[in-house]
There are 2 protein chains.
Amino acid sequence: MALLRGAWTAEIIWCLSAGPRRFGELRADLPSITAKVLTERLRHLESKGIIQRLPIPTSPPSVEYKLTVIGAKFLPAIHAIAKVGDELKFGMPDSEADLNEY
Amino acid sequence: MALLRGAWTAEIIWCLSAGPRRFGELRADLPSITAKVLTERLRHLESKGIIQRLPIPTSPPSVEYKLTVIGAKFLPAIHAIAKVGDELKFGMPDSEADLNEY
DNA sequence: CAGTATCCATTTCGATACTG
DNA sequence: CAGTATCGAAATGGATACTG
């Protein structure tokens, strides 16, 4: 949890789960994140070894971010979280949810 | 993620996954949480419908907290998170982790 | 036992403006 | 394009002391 801390963190990992992505693409994926916060989160995740930053020396410059092997280990957890989110947002079709009190 | 926000939140749900638990028991489970923060988290989780608070009119008074049906939906996600945590702390025995770059 | 009441430090977020 | 610089607001966390 300490590693997933902070707004957007899980969402960023989610976005990178489909493959490497550039800074601008991440901004587009996360419509309401600011450049400042995105940079903060990316730097944080990088410092924890969860993502890797790869500057590509083109002009204009571009930078790619990708999950590391360590970062990929979070995917099952992120998917599980996303699944709960969906269930709570849309409900489960043909649910038996209320049949068994926990 | 918004619902799991805050330190201790996931740990509290984890503690309640084995069954109802009283305030004092939760404090014992989470050795370094303060009463104030525990109360805050419990009230928050209650307001989101994730746990239920059941005062038991004894003397001295005791209060039980338990997961709601909604709260139980978080368990797969919490377990997945816990699993990653273990992997990162102790490493996977006989790992093939590094064979496939993500 | 199960909390409240204060106070304070730190972290985090967001908006806006600017740059190599 | 991919950031950085500032600033202020808000959320969060922790310590300590007190209570019905």
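Lettering of chains follows the sequences in order, A, B, ..., and the numbering in each one begins at 1. Keep in mind that the numbers below use all heavy atoms, side chains included, and drop hydrogens, waters and symmetry copies.
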[X] [atom1] - [N] [atom2] separation (whole Å):
X     : N      : atom1 : atom2 : result
A:R21 : D:dA2  : CZ    : P     : 11 Å
B:I12 : D:dT12 : CD1   : C1'   : 14 Å
A:L38 : C:dT12 : CG    : P     : 16 Å
A:D29 : D:dA2  : CG    : P     : 12 Å
B:L30 : C:dG3  : CG    : P     : 15 Å
B:L26 : C:dA2  : CG    : P     : 9 Å
A:L4  : C:dT11 : CG    : C1'   : 17 Å
B:H44 : D:dA10 : NE2   : C1'   : 15 Å

With B:R53, which residues qualify under side chain to side chain donor-acceptor pair (under 3.5 Å), at least two apart?
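B:R53: side chain to side chain donor-acceptor pair (under 3.5 Å) contacts with B:Y65.
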By salt bridge (Lys or Arg N to Asp or Glu O under 4.0 Å), which residues pair with B:E40, not counting sequence neighbours?
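Expected list: B:K36.
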A:R21: salt bridge (Lys or Arg N to Asp or Glu O under 4.0 Å) partners, not counting sequence neighbours
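With sequence neighbours excluded, A:R21 shows a salt bridge (Lys or Arg N to Asp or Glu O under 4.0 Å) to A:E25, A:D29, given in chain and number order.
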Pairs meeting criterion side chain to side chain donor-acceptor pair (under 3.5 Å) with involvement of residues 4-15 of chain A, two or more places apart:
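For residues 4-15 of chain A, and leaving out neighbouring residues, there are no side chain to side chain donor-acceptor pair (under 3.5 Å) pairs at all.
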Once ring-ring contact (aromatic ring centres under 6.0 Å, His included) is applied, what residue pairs with a partner in residues 39-60 of chain A remain, sequence neighbours excluded?
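Every pair satisfying ring-ring contact (aromatic ring centres under 6.0 Å, His included) with a residue in residues 39-60 of chain A: there are none.
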Which ones in residues 53-60 of chain A lie close to DNA chain D, meaning a heavy atom under 4.0 Å from one of its atoms?
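Result for residues 53-60 of chain A: A:R53, A:P60, sorted by number.
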Between OG1 on residue A:T34 and CZ on residue A:R27, distance to nearest 0.5 Å
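Rounded to the nearest 0.5 Å, the OG1-CZ separation comes to 7.5 Å.
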Does B:R43 have a side-chain nitrogen or oxygen under 4.0 Å from the phosphate oxygens OP1 or OP2 of C:dG3?
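Checking B:R43 against C:dG3: at least one side-chain N or O falls below 4.0 Å of OP1 or OP2.
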Any side-chain N or O of B:Y65 less than 4.0 Å from the OP1 or OP2 oxygen of C:dG3?
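So the side-chain polar atoms of B:Y65 do come within 4.0 Å of the phosphate oxygens OP1 or OP2 of C:dG3, strictly under.
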Run the side-chain contact (heavy atoms from CB on, under 4.5 Å) test against B:P20 and tell me which residues pass, sequence neighbours left out.
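With neighbours one apart ignored, the set is B:E64, B:K66.
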Taking only residues two or more places apart in sequence or in another chain, which ones pass side-chain contact (heavy atoms from CB on, under 4.5 Å) with B:A28?
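Once residues adjacent in sequence are excluded, B:A28 has no partner under the side-chain contact (heavy atoms from CB on, under 4.5 Å) criterion.
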For the student: nearest non-hydrogen atoms of A:C15 and A:L26, plus distance:
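Heavy atoms of A:C15 and A:L26 come nearest at CB-CD2, 3.8 Å.
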Nearest heavy atoms of A:A80 and B:A77, plus distance in Å:
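Nearest heavy atoms, A:A80 then B:A77: CB-CA, 3.5 Å.
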Please write out the pairs of protein N or O atoms and N or O atoms of nucleotides 13-20 of chain C separated by less than 3.5 Å, giving the distance to one decimal.
{"residue": "C:dC13", "atom": "OP1", "partner": "A:A7", "partner atom": "N", "Å": "2.3"}
{"residue": "C:dC13", "atom": "OP2", "partner": "A:R41", "partner atom": "NH2", "Å": "3.2"}
{"residue": "C:dC13", "atom": "N4", "partner": "A:K36", "partner atom": "NZ", "Å": "3.2"}
{"residue": "C:dG14", "atom": "OP2", "partner": "A:W8", "partner atom": "NE1", "Å": "3.2"}
{"residue": "C:dG14", "atom": "N7", "partner": "A:K36", "partner atom": "NZ", "Å": "3.1"}
{"residue": "C:dG14", "atom": "O6", "partner": "A:K36", "partner atom": "NZ", "Å": "2.2"}

Result block: side-chain N/O donor-acceptor pairs under 3.5 angstrom for residues 84-91 of chain A, not counting sequence neighbours:
none

Give the dot-bracket line for DNA chain D from 5' end to 3' end: parentheses for intra-strand Watson-Crick or G-U pairs under 3.5 Å, square brackets for crossings, | for inter-strand pairing, dots for unpaired.
||||||||||||||||||||
